[in-house]
2 protein chains.
Amino acid sequence: MDTITIKDIARALNLSTSTVSRALRDSYEINAETKRLVIEYAERLNYRPNPIALSLKENRSRVIGVIVPQIANNFFSQTINGIEAVAYSRGYHVIIFQTHESFEREILTVQQAVARKADGLLISLSSSTSDVTHLCQLQEKKLPIVLFDRVSNELDSPSVTADNFGGAFAATEHLIQTGRRRIAHLTIPPYISITQERLAGYRAALDKYGIPYDESLVRYAGFGQDEVEPIVDDLLRQSPDAFFAASDRLALGCLEALKKRNIAIPETVSLIGFTNITVANLLSPSMSTVEQPALEIGQLAAEQLFNMIEGKQKIPQPGIIRIPTRMVIRESSQRSLVG
Amino acid sequence: MDTITIKDIARALNLSTSTVSRALRDSYEINAETKRLVIEYAERLNYRPNPIALSLKENRSRVIGVIVPQIANNFFSQTINGIEAVAYSRGYHVIIFQTHESFEREILTVQQAVARKADGLLISLSSSTSDVTHLCQLQEKKLPIVLFDRVSNELDSPSVTADNFGGAFAATEHLIQTGRRRIAHLTIPPYISITQERLAGYRAALDKYGIPYDESLVRYAGFGQDEVEPIVDDLLRQSPDAFFAASDRLALGCLEALKKRNIAIPETVSLIGFTNITVANLLSPSMSTVEQPALEIGQLAAEQLFNMIEGKQKIPQPGIIRIPTRMVIRESSQRSLVG
DNA sequence: AACGTTATCGGGAACGTTACCGGATTGGCG
DNA sequence: CGCCAATCCGGTAACGTTCCCGATAACGTT
């Protein structure tokens, strides 16, 4: 309606749109006086170039798409924070998509992002995604893609994750060194890369200390509301002396279930989580955690993406960047008096 | 590059672009056979209309802007969840902006959203915002705006908030009924509407029970990292027997500070927070809270906005929709044995 | 004096899409 | 047989912007 365009300026100043355009972009072939006139007038009317027209012309949107399983999750909202910081500093906007852990929605969502002409995609795969051909196709069309956290090695794209193997190894080793032997591992659906890596770290630590790997101590939990409790019950029948939980939600669900059953932590079983909640120290008992640098993961992933977008570095080096985790020992995994 | 357009289809089928366009929109003036041809071909090539071209033509973006102080905050990320659900079901996309509690950034951010041609704005004001003329101007330009949570009555727009007065009243009354008299109120910067409302609820409850309002028991905390602790220290000199904290962050900071000083909760002081953290029951002690229905606030706010956008209901009814809060009593505010 | 240079600007096309207007062909009807 | 309406389709402008190509002077160069 009253948004003013380059045409309005041209008409008012008796110039052509091309002249106005060039004056505003400070072209050398425009008279200094004319420039001044145009710029002053534009300023006075608070002219802003129409980004949509720009996008249509330049075939790019200055928008990147971020696809995550869900945003109401501490880890992801922190990651998005990091992504946004980098994006905005480069003049890009961020559109966030949620897959809600559904493969179908992931496909739809990716299509949406592409239709919207996102200049690049930052993706953390849904837990039900085992096949990434929908992403491979995009990559063949030269759309920059960077994976983070939930990555896949079937896609030749840069990836950024925490050092899941190292974190899981450290957590398991810590439990062993505090006298635990039957360490249960409660983890997320098996397709996801991080599940595999954490499981591998867990097994490697067991190996190192000559503890046989017992499959019955490992359980995969989905993302349902009340899925955790029965699984914990089930695991308890194997009489574990420690729990290593692979995510925020699982660690908290685990803690809740154990408290509900009046199982002493850490006396009877100790507990360590792979999580990013900020209140771990305020829990009862305060919870040991392996922390992932979420903000940094987001920043790095975004930087990788912009390197691809702007550097025209078309050939993605499909390296995985691993960021070290940090283990914080709290009450829930103290050496048990019994052990 | 290889994104196919209506022109490609026209060329391939020896038709004009207008015919293709109408065929795809199922116009009555196109032969059924031609339609079939076009639609089949489009399907085969996986044609997707270019939303940017559409936006330019129709002067709307099918994008709404959400402006919040920060996303890495349980309340806001839940709210955004609600907003997204409604938006996506209506075929809109959501771009999220963060103000980081800065007035300057709020102004910039709003400008950004407008320049990006957002069809409407969903805003929760920054804590340093006392002046909303930057929003009034937009409203005069007929841009639909809906405020939520941190609202302002200086703007004639629909607003959606929790029942802050009622929640604060209930929390304070609960503290009084469990024998507390010197109730400290730790709250957020005073400009924000919710601060005023919660303070009013607090005072009203005191009034009802004939407890004089003591200004020295009320403190305003900013959003700095280590701001809470000294304030708690300061408040403790007034020997309060209860704390009513007005946000997630403050309640947790309060809990941490009190635990650090070995002050028994709830024996010496009891504590209730105005918050949305999901782990309140796992804290030590488990924390009483007044919960806001964040998801619902987001949904309702979004629906209000879409009513304005689509219903062309240009004249906003500037009513405030208040959604009831829910008080959950846990250990931190149990009746003290002493009192 | 004829030509090249420089400075400064305008015209038009293009990005992908739709809407308006107009045109062609056909069939029906008087 | 001629006219009109219906059916079906094409051409073009427009959304806001940039860029390529010219155009027009004024000036300097040979």
Side-chain angles (χ1 to χ4, degrees), chain A residues 1-39 41-42 45-63 91 111-112 114-119 141, chain B residues 1-39 41-42 45-63 91 111-112 114-119 141:
Chain A
M1 315 303 118
D2 53 351
T3 57
I4 99 151
T5 76
I6 231 171
K7 279 188 191 170
D8 300 324
I9 302 180
R11 201 167 16 226
L13 265 46
N14 242 329
L15 291 170
S16 78
T17 57
S18 11
T19 305
V20 175
S21 171
R22 271 170 298 191
L24 289 173
R25 327 197 93 241
D26 202 26
S27 160
Y28 69 97
E29 40 181 352
I30 299 297
N31 188 313
E33 173 64 11
T34 311
K35 268 188 206 170
R36 199 183 53 75
L37 268 172
V38 171
I39 292 173
Y41 190 81
L45 292 205
N46 201 26
Y47 166 78
R48 297 270 173 269
N50 185 325
I52 294 178
L54 264 295
S55 293
L56 181 60
K57 187 132 192 41
E58 299 178 356
N59 203 28
R60 59 125 144 218
S61 57
R62 287 196 165 273
V63 164
Q111 283 179 353
Q112 285 265 353
V114 172
R116 277 266 167 192
K117 303 288 174 197
D119 293 344
K141 293 185 185 172
Chain B
M1 314 300 116
D2 52 352
T3 56
I4 98 149
T5 76
I6 232 171
K7 279 188 192 170
D8 300 325
I9 302 181
R11 201 168 16 227
L13 264 46
N14 242 331
L15 292 170
S16 78
T17 57
S18 10
T19 304
V20 175
S21 171
R22 271 170 301 189
L24 290 173
R25 326 197 95 241
D26 201 27
S27 161
Y28 69 97
E29 39 182 353
I30 300 295
N31 189 314
E33 173 63 11
T34 312
K35 268 188 206 170
R36 199 185 52 75
L37 268 172
V38 171
I39 290 173
Y41 190 80
L45 292 205
N46 201 26
Y47 166 78
R48 296 271 173 267
N50 185 326
I52 294 178
L54 264 297
S55 293
L56 182 59
K57 189 137 189 38
E58 299 178 357
N59 204 27
R60 59 126 142 216
S61 57
R62 286 196 167 273
V63 163
Q111 282 180 353
Q112 286 264 353
V114 172
R116 277 267 167 191
K117 303 286 172 201
D119 293 344
K141 293 185 186 173

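Letters A, B, ... mirror the listed sequences (proteins, then strands); counts begin at 1. Atoms considered below: every heavy atom in the structure, side chains included; atoms not considered: hydrogens, waters and symmetry mates.
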Any donor and acceptor pair, going by atom type alone, linking the side chain of A:Ser27 with main-chain N or O of A:Ile30 inside 3.5 Å?
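Side chain of A:Ser27 to backbone of A:Ile30: no pair is present.
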Is it the case that the side chain of A:Arg22 and the backbone of A:Ser18 share a donor-acceptor pair, with hydrogens and angles ignored and the cut-off at 3.5 Å?
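Checking the backbone N and O of A:Ser18 against the side chain of A:Arg22, a donor-acceptor pair under 3.5 Å is found.
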Euclidean distance, atom [atom1] of residue [X] to atom [atom2] of [N] [Å, nearest integer]:
{"X": "A:Asn59", "N": "D:dT18", "atom1": "CG", "atom2": "P", "value": "16 Å"}
{"X": "A:Tyr47", "N": "D:dT17", "atom1": "OH", "atom2": "C1'", "value": "7 Å"}
{"X": "A:Glu58", "N": "C:dC15", "atom1": "CD", "atom2": "C1'", "value": "10 Å"}
{"X": "A:Arg11", "N": "D:dG16", "atom1": "CZ", "atom2": "C1'", "value": "12 Å"}
{"X": "A:Arg62", "N": "D:dT17", "atom1": "CZ", "atom2": "C1'", "value": "15 Å"}
{"X": "A:Lys35", "N": "C:dA7", "atom1": "NZ", "atom2": "C1'", "value": "12 Å"}
{"X": "A:Glu29", "N": "D:dT18", "atom1": "CD", "atom2": "C1'", "value": "12 Å"}
{"X": "A:Ile52", "N": "D:dT17", "atom1": "CD1", "atom2": "P", "value": "11 Å"}

Has [X] got a side-chain N or O lying under 4.0 Å from the OP1 or OP2 atom of [N]?
{"X": "A:Asn31", "N": "C:dT8", "result": "yes"}
{"X": "B:Lys7", "N": "C:dC15", "result": "yes"}
{"X": "B:Thr34", "N": "D:dC9", "result": "yes"}
{"X": "B:Ser16", "N": "D:dG10", "result": "yes"}

At 4.0 Å (heavy atoms only), tell me whether [X] reaches a base, stays on the sugar-phosphate, or touches nothing.
{"X": "B:Ser18", "result": "base"}
{"X": "A:Asp8", "result": "nothing"}
{"X": "B:Leu56", "result": "base"}
{"X": "A:Ser55", "result": "nothing"}

May I ask you to test the A:Val38-A:Lys35 pair for a side-chain heavy-atom distance under 4.5 Å?
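Not in contact.
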So A:Val114 and A:Lys141, do their side chains get closer than 4.5 Å, heavy atoms only?
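A:Lys141 does not reach A:Val114 side chain to side chain.
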Using heavy-atom distances to pick each residue's nearest nucleotide on DNA chain D, tell me which of A:Lys57 and B:Ala53 is more 5'.
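By nearest-heavy-atom nucleotide position, the 5'-most residue is B:Ala53.
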Return the CG to OG1 distance between A:Leu13 and A:Thr34, rounded to the nearest 0.5 Å.
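Between atom CG of A:Leu13 and atom OG1 of A:Thr34 there are 9.0 Å.
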With distance as the sole criterion, do the side chain of A:Arg22 and the base of C:dG10 form a donor-acceptor contact below 3.5 Å?
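Such a pair is found, so the answer is yes.
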